[in-house]
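Just so you know, these numbers come straight off a predicted model, no measurement behind them.
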Amino acid sequence: MDRPSLHLEPHGAIGIIRHYIRDLVYGANDGIITTFAVVAGVAGGALPGAAVLIIGAANLAADGVAMGVGNLVAIRANESALAADGLPQQEAFPWKHGAATLIAFVVAGALPLLPYMAPVAEEGRLAWSAAVTMSALFGVGVARAAVTRGRWWKSGLEMLLLGAVVAIAAYGAGSLVAWAVDTR
C-alpha cells in the first residue's frame, strides 16, 4: 500500500550535502577515529608499521561496509516503524544514505594511514598520523559548520577533542596489553 511521503529529493551541491550531512559526518568521524584507533593501538603495542597498514585496511573494509549497511538497515527499520503507525515516509532511498556513510568512512578513514604509506621515518609515523588525524577531525567539524551555519571553530574543536579522547584510549589500551603480554 502506498503511503504519503515527506521525502524531498535534494537539489544542488549544498542541498545534497545538507540532506546527507548526518551520514557524511557520522561516516567521516567514525572512519577517522576508528582507523586512528587502530594506528594508535598498534603503535602502543609496539607492532611494526606493516601491521598498521594490514589492520587499518581490514578496518576500512569491514567497518566501512558495516557502517554503511548498518545505516541502511536502521533507516529501513525506521521507515517500517513509521509505516506500521500509518505515518508518512521520510526517506525514499535508504541505500543512498548507506552509501554516503560508507564513502565518507573509507575516504576520511584512509587519512590516518597515509604516513604509513609515505617515505617517513618509522619513529615519526605515529606523530604524523596523529597530526593528519587531528587536522582531518578539525576539518570535518569546520566543513560541518559551513553547511549548517554553525561556528566553525566550535564545531572543529568539538570534533578534534572527541577524537583525541578516543586516540588516547586506543593508545593506552594497546600499551596496556603489550605490557601485560610482556610481563607473562
Side-chain angles (χ1 to χ4, degrees), residues 6-41 43 52-53 55-76 78 90-118 120 124-171:
L6 299 176
H7 176 83
L8 297 173
E9 193 62 23
H11 298 284
I14 295 297
I16 291 169
I17 292 170
R18 281 188 178 140
H19 185 77
Y20 294 100
I21 190 75
R22 175 185 59 206
D23 313 303
L24 296 170
V25 170
Y26 181 51
N29 181 59
D30 198 52
I32 294 167
I33 289 175
T34 60
T35 304
F36 186 70
V38 166
V39 170
V52 171
L53 288 175
I55 297 169
N59 175 70
L60 285 177
D63 202 9
V65 171
M67 293 273 304
V69 168
N71 196 15
L72 165 73
V73 173
I75 292 170
R76 283 189 176 165
N78 185 58
Q90 291 180 356
E91 289 299 337
F93 304 107
W95 68 269
K96 289 183 179 181
H97 292 273
T101 302
L102 167 63
I103 292 166
F105 184 97
V106 171
V107 170
L111 296 174
L113 298 175
L114 292 178
Y116 289 85
M117 295 183 281
V120 176
R125 287 183 170 161
L126 178 61
W128 276 107
S129 182
V132 168
T133 297
M134 297 307 147
S135 297
L137 286 168
F138 189 81
V140 169
V142 169
R144 182 183 81 191
V147 174
T148 63
R149 297 188 184 121
R151 291 190 174 137
W152 66 270
W153 61 270
K154 188 175 182 182
S155 183
L157 195 57
E158 176 185 47
M159 295 281 289
L160 173 70
L161 291 175
L162 291 173
V165 168
V166 174
I168 291 167
Y171 185 85

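Counting heavy atoms from C-beta outward, Val147 and Leu24 have side chains that stay 4.5 Å or more apart. With a 4.5 Å cut-off on side-chain heavy atoms, Thr133 and Leu111 do not count as touching.
Put simply, the side chain of Ser155 never gets that close to the backbone of Arg151: no donor and acceptor are under 3.5 Å apart. Within the 3.5 Å criterion, the main-chain N or O of Gly68 finds no donor-acceptor partner in the side chain of Thr101. Checking side-chain atoms of Arg125 against main-chain N and O of Ala118 turns up a donor-acceptor pair under 3.5 Å.
Using a 30° and 60° split on the angle between ring planes, His19 and His97 fall in the tilted class, from 30° to 60°.
There is no side-chain donor-acceptor pair under 3.5 Å between Glu9 and His11.
Pairing each heavy atom of Leu60 with each of Ala110, the nearest pair is CD2-N, 3.8 Å. Summarising the geometry of Ala136 relative to Ile32, their closest heavy-atom pair is CB-CD1, 3.8 Å, with the distance given to 0.1 Å. Residues Ser129 and Pro112 share a closest heavy-atom pair of OG-O, 2.6 Å. Summarising the geometry of Met159 relative to Leu137, their closest heavy-atom pair is CB-O, 3.2 Å, with the distance given to 0.1 Å. Across all non-hydrogen atoms, the minimal contact from Ala40 to Leu126 is CA-CD1, 4.2 Å.
Annotation: the span from Phe138 atom CZ to Trp152 atom CH2 amounts to 5.0 Å, rounded to 0.5 Å. Rounded to the nearest 0.5 Å, atoms OG1 (Thr35) and CG (Asp30) are 8.5 Å apart. We find the CG-CG distance between Leu102 and Asp23 to be 11.5 Å, quoted to the nearest 0.5 Å. Atom CG of Leu8 sits about 9.5 Å away from atom CD of Glu91, to the nearest 0.5 Å. Here Asn59 contributes atom CG and Leu113 contributes atom CG; the two are 8.0 Å apart, rounded to the nearest 0.5 Å. Note that CZ of Phe105 and OH of Tyr26 are 9.5 Å apart. Values are rounded to the nearest 0.5 Å.
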